[in-house]
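Numbered from 1 within each chain, the chains take letters A, B, ... in sequence-line order. What's counted below: heavy atoms across the whole structure, side chains too, no hydrogens, waters or symmetry copies.
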Amino acid sequence: MARILITSALPYINGVKHLGNLAGSMLPADVYARAMRLLGHEVLYICATDEHGTPAELAAADAGMAVADYCDKMHDAQRAAGADFKMSYDYFGRSSALSNHEMTQHLAHMLETNGLIEERVSEQVYSNADGRFLPDRYVEGTCPNCGADGARGDQCDSCGKLLDPADLIEPYSAVSGSKDVEIRQTNHLYLKQSDMADRLRAWIDKAEGWPNLAKSIAYKWLDEGLHDRAITRDMKWGIPVAYKGVPRPGFEDKVFYVWFDAPIEYISATKDWADATGHDWQSWWRTDKGADDVTYVEFMGKDNVAFHTLSFPTTLIGSGEPWKLVDRLKAFNWVTWYGGKFSTSQKRGVFMDQALDLAPSDYWRWHLTANAPEGADAGFTFEDFAARINSDLANVLGNFVNRITKYCVGKFDGKVPCPKKYGGGEWGKPEDTLVAELAERLPKLIAYYEAMEFRKAASETRAIWATGNEYLTEAAPWSQYKTDIDQAAIGVRIGLNLVAFFGVIAQPIIPDAAGKILDAMHIPKDNRTWKFGEGDWNERVKAILDALPHGHEISAPEVLFTKIEDADIEEWKQRFGGEG
RNA sequence: GGUGGGGUAGCUCAGCUGGUUAGAGCGCAGGACUCAUAAUCCUGAGGUCGAGAGUUCAAGUCUCUCUCCCACCA
């Protein structure tokens, strides 16, 4: 048994996330967390909303709400959406939580103590009309690069050039529209990442369990030279630049930059979890306090890799304190929507709350896992979605459960046939074939989960389900029944055990349906783990196929998976603007 | 422009350190079965592995050039 700390990249606060966000971080992290728990590991899965920064303020202004109220509302919405998708977070925190203020201020203090933070003067746009500095997207103007109007302070949407707000031509405030702005000097704290380059490189050299992509991105940044970054902004919404309640002189109207405090929330949320549940957070994060045996796994989109391999480690290593650093990370590409991008701002694609109006969470979880954007971008279409659900869930799994449980109820009284009562049947070739195939596939399935290969795990799960239909066709208990009821009893008994087994292995990806199956088989909640015994897999599989108590009563569940009809697809495409 | 990923059957994708007739699912065609959500099972047809050149006894799998798609960085 191992101790596994899992974090998913924090979903940003400015709205309910779309399916791409879900598929690229939270969902695979959840599937992994569930699988590892089933294997008997001690798992802590932490997530939170990322609430600071300019986009949050702008979104709140759009909604006509105070930022704090807006964040409260959106946090609740995201929490609800996560719960509806059966995210098994041990804790779903907020980067605006008090604990994160304290932790962020503490780490900044430690970095400064170690000489890694210094104050520097920089030029920023100040709005006289608004009485405030205009960081990042708060200032707009004409792009100095391409001449387009409406370029934002951090980037021109027209030419894609990254900008410095002070370089905009004819700048104006995005808050009030006022052109009464000027360039003023202001002090900011800079994190001297350049001083950390050697230590980071040494750490990355030793890192194992990173995908090539992650290492190459990290090395590229190191090779080009890490730039010192400002970690404060002229804003009110955020974590105050203070220490132990005392504001830093001259920084009363400044806060820490969102990219500095967001990853720290992984730690702070763990602390909040511990406070709420009576656990010890330091045993997960401090290697001097028991975290040395923790394996820390991070899930994220590809755009987040540099922050997790360089920025956050810089903070932790630079503090000089013995923090747990990432061991393995899993990065995902994007899910595309009919060939284009999902977009929160343009409301393009399906969002988590809407998705559940269309189909149950299991359907989405299954499709987005089987079609996870692991090697490359993965395209989403309703047609693919429907085809996969109808085939994998309804036809292969759902129909199998249905056919054998109904048959048992009809011919064997709804009970697992007991060998004492039906003693004449013989173990034969169909059974040998089944055992051989499962003995090969089950260990592969487990290995795929351990390797975080989610597409392959889903595909292997499906292949295992399919063995049930193959077996029933060969054993054909309905034919045997006509001449040899005892022989039919073997097929039914093994079939029922397969149902239970299929439910057990389905749990990480489709927890609801798996629960329904296991409930119908009357299997106690504490008897659904992946403890498959030791030794030879053939023997283990034989035990799995005779696990249900003889005479044990079962019931035939309702239709587990309703199929998606062509008419549904058409309606959804109309509603969500999917283009062919 | 730089870096990385991708371009393999109609579609979605597997193919590890190069080696027998290039695989899976879906779709399609034919057959079987009737316990089951017109489900299932079996068989089959489909690919000069983006283009070109090179290394090698042997390349989808290595090298170079070109080309298209995507992301990140500039």
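When the C1' atom is compared between G25(B) and U48(B), the two are found 25 Å apart, to the nearest whole Å. Nucleotides G18(B) and G31(B) are separated by 46 Å at their P atoms, to the nearest Å. The separation of C68(B) from A51(B), taken at their C1' atoms, amounts to 11 Å, rounded to a whole angstrom. One P atom belongs to A36(B), the other to G27(B), and the distance between them is 22 Å to the nearest Å.
Base orientation at G44(B) is anti, since its O4'-C1' glycosidic dihedral falls outside 90° of 0.
Residues Tyr422(A) and His550(A) bring no donor and acceptor atom of their side chains to less than 3.5 Å of each other.
Per the geometry, CZ belonging to Arg403(A) stands 12 Å off P belonging to A38(B), to the nearest Å. Here A36(B) presents its P atom at 11 Å from CD1 of Ile404(A), a figure rounded to the nearest Å. The NZ-C1' distance, from Lys444(A) to C16(B), rounds to 13 Å in whole Å. Computed from coordinates, the Asp392(A) CG to C13(B) C1' distance equals 13 Å when rounded to whole Å. For Lys330(A) and G5(B), the NZ to P distance is 15 Å, given to the nearest whole Å. Atom CG in Leu397(A) sits roughly 18 Å away from atom P in A36(B) (whole-Å rounding). The separation between Asn469(A) atom CG and A39(B) atom C1' is 9 Å, rounded to whole Å. If you take CH2 of Trp478(A) and C1' of A32(B), they are 12 Å apart, rounded to a whole angstrom.
Using a 4.0 Å heavy-atom cutoff across all strands shown, Phe561(A) reaches at least one base atom of the nucleic acid. Across all strands, Lys406(A) comes closer than 4.0 Å only to sugar-phosphate atoms, never to a base (heavy-atom distances). Note on Lys411(A): nothing from the nucleic acid sits closer than 4.0 angstrom, heavy atoms only.
Interface remark: the Asn402(A) side chain does not form any donor-acceptor pair with the A36(B) base, using a distance-only criterion of under 3.5 Å.
The aromatic rings of Phe502(A) and Phe400(A) lie tilted to each other, with the angle between the two planes from 30° to 60°. Aromatic ring pairs are classed by plane angle as parallel below 30°, tilted from 30° to 60° and perpendicular above 60°; the pair Phe312(A) and Tyr266(A) is perpendicular.
Remark: aromatic rings of Tyr448(A) and Phe454(A) are distant, center separation not under 6.0 Å.
Using a 4.0 Å cut-off between charged side-chain N and carboxylate O, Lys86(A) and Asp30(A) make no salt bridge.
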